[in-house]
Amino acid sequence: MARMKFLCDAERCIECNGCVTACKNEHEVPWGVNRRRVVTLDDGVPGEKSISVACMHCSDAPCAAVCPVDCFYTTDDGIVLHDKDLCIGCGYCFYACPFGAPQYPQKEAFGVRGKMDKCTFCAGGPEEDGSQAEFEKYGRNRISEGKLPLCAEMCSTKALLGGDGDMVADIYRERVLKRSSRPQTWGWGVAYKADS
Amino acid sequence: MRKVTVTLLIMASFAMGGCYEDTDITLHDPGVYRGTTDPLLAKQANPEQQAKLAARFLEGQSDR
């Protein structure tokens, strides 16, 4: 069984935001919610790096651990999904997630946020596959159609990869070998710059 | 005098015991999912579906 994962190659990402747009369009994501975002480090400075971030579908998902109504489930291939009919919009998952993946469509009086929304790896939710109810709540279910997440499939530089983690790792390993060095995007040198 | 000392020592030990703080990290395991079963789970268990997704990945995302 595959273990589905996203990986963004920061050496390739050109901050085109195509993945963000594709996601919003494919799932008709409501205003104020971005299931995927592109984060740029040192924006405007030569050598800037960008990375596309969404739900990372954690193996030991903290959102699921803190949910008081147990609305999260993980598929056998590692996709973390949730049931919006159970969600009470408490926001615990938002605080627990290190990637800021869970988001809420409303901002009303008394802290009413609405049902939590996040990246589904284009796998919909617990409604009938391909149904209108599923589309309205979770967006399109591309996985059931035998397709992979649109953000990764349409990435023009193939920076964003989404699929079986082993296959993603193979591709990335080959790239690193071709570059003959590890990626210089992260590490002590980036975190603790000489001039800071 | 000895009785007073012993009593004070016992009281002090109880008082110090009250200052104890458990430094273990509280870990929360996810609970059991309470929603309806996703029909996708059965579909994904099919090896043909897995092969289809793998082929799709190689077709669209592998380096040229």
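Because the structure is a prediction, the values reported are computed rather than measured. Letters A, B, ... are given to chains in the order of the sequence lines, protein chains preceding strands, and every chain is numbered from 1. Note: hydrogens, waters and symmetry copies are ignored here, and every other heavy atom, side chains too, is used.
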Check whether A:V168 and A:L148 end up in the same hydrophobic cluster, where Ile, Leu, Val, Met, Phe, Trp and Tyr are linked by side-chain heavy atoms less than 4.5 Å apart. yes
What part of A:D170 gets within 4.5 angstrom of chain B, counting heavy atoms only: side chain, backbone, both, or neither? neither
Using non-hydrogen atoms and a 4.5 Å limit, figure out which bit of A:C67 sits close to chain B: side chain, backbone, both or neither. neither
Test of understanding: clusters of I, L, V, M, F, W, Y form through side-chain heavy atoms closer than 4.5 Å, transitively. Do A:V39 and A:M56 belong to the same one? yes
Based on non-hydrogen pairs under 4.5 Å, which of A:S144, A:P68, A:C63 is most in contact with chain B? A:S144
More than 12 foreign heavy atoms under 6.0 Å from CG of A:D60: is that the case here? no
Electrostatic pair B:R56:A:D164 at N-O distance under 4.0 angstrom: no
If you draw a 6.0 Å radius around OH in A:Y92, do more than 12 non-hydrogen atoms from other residues or ligands fall strictly inside? no
When clusters are formed by joining ILVMFWY residues with side-chain heavy atoms under 4.5 Å apart, either directly or through shared neighbours, do A:V80 and A:F94 land in the same one? yes
Side-chain touch B:Y33/A:D83, heavy atoms, less than 4.5 angstrom: yes
Using heavy-atom distances under 4.5 Å, tell me whether B:S62 contacts chain A through its side chain, its backbone, both, or neither. both
Working to the nearest 0.5 angstrom, can you tell me the gap between A:R175 CZ and B:D63 CG? 4.0 Å
Of the backbone (N, CA, C, O) and the side chain (C-beta and beyond), which part of B:Q44 lies under 4.5 Å from a heavy atom of chain A, both, or neither? both
Less than 4.5 Å apart, any side-chain heavy atom of B:L53 and any of A:M4? yes
Measuring heavy-atom distances to chain B, does A:A123 have an atom under 4.5 Å in its side chain, in its backbone, in both, or in neither? both
Could you tell me which non-hydrogen atom of B:P39 sits nearest to which non-hydrogen atom of A:P126, and how far apart they are? CD-O, 4.0 Å
Check whether A:M116 and A:F121 end up in the same hydrophobic cluster, where Ile, Leu, Val, Met, Phe, Trp and Tyr are linked by side-chain heavy atoms less than 4.5 Å apart. no
Evaluate A:E127 against B:T36 for side chain to side chain contact (heavy atoms under 4.5 Å, CB included), listing each step before the verdict. CA-CA 8 Å; A:E127 303 286 341; B:T36 51; 5.9 Å; no
Contact origin within A:V69 toward chain B - heavy atom pairs under 4.5 Å: backbone
How long is the gap from CG on A:D76 to CG on B:L40, to the nearest 0.5 Å? 10.0 Å
Rounded distance (nearest 0.5 Å) linking atom CG of A:L81 with atom CG of B:D38: 6.5 Å
Residue part contacting chain B, namely of A:L86, when any heavy atom lies under 4.5 Å: side chain
Using a 4.5 angstrom heavy-atom cutoff, name the option from A:C71, A:P62, A:G146, A:G124 with the most pairs to chain B. A:G146
Evaluate the criterion side chain to side chain contact (heavy atoms under 4.5 Å, CB included) for residue pair B:Q61 and A:K158; output intermediate values, then yes/no. CA-CA 6 Å; B:Q61 296 186 53; A:K158 299 195 182 186; 5.6 Å; no
Can you get from A:Y95 to A:Y104 by hopping between Ile, Leu, Val, Met, Phe, Trp and Tyr side chains that sit under 4.5 Å apart? yes
CG of B:L58 to CD1 of A:I171: how many Å apart, nearest 0.5 Å? 7.0 Å
Among A:E174, A:R12, A:E128, residue most engaged with chain B (heavy-atom pairs, under 4.5 Å): A:R12
Which bit of A:D77 is near chain B, if near means a heavy-atom gap under 4.5 Å: side chain, backbone, both or neither? side chain
Which portion of A:Y73 sits near chain B, non-hydrogen atoms under 4.5 angstrom: both
Would A:I143 and B:K43 count as a side chain to side chain contact (heavy atoms under 4.5 Å, CB included) here? Give the steps. CA-CA 10 Å; A:I143 293 287; B:K43 202 168 193 173; over 6 Å; no
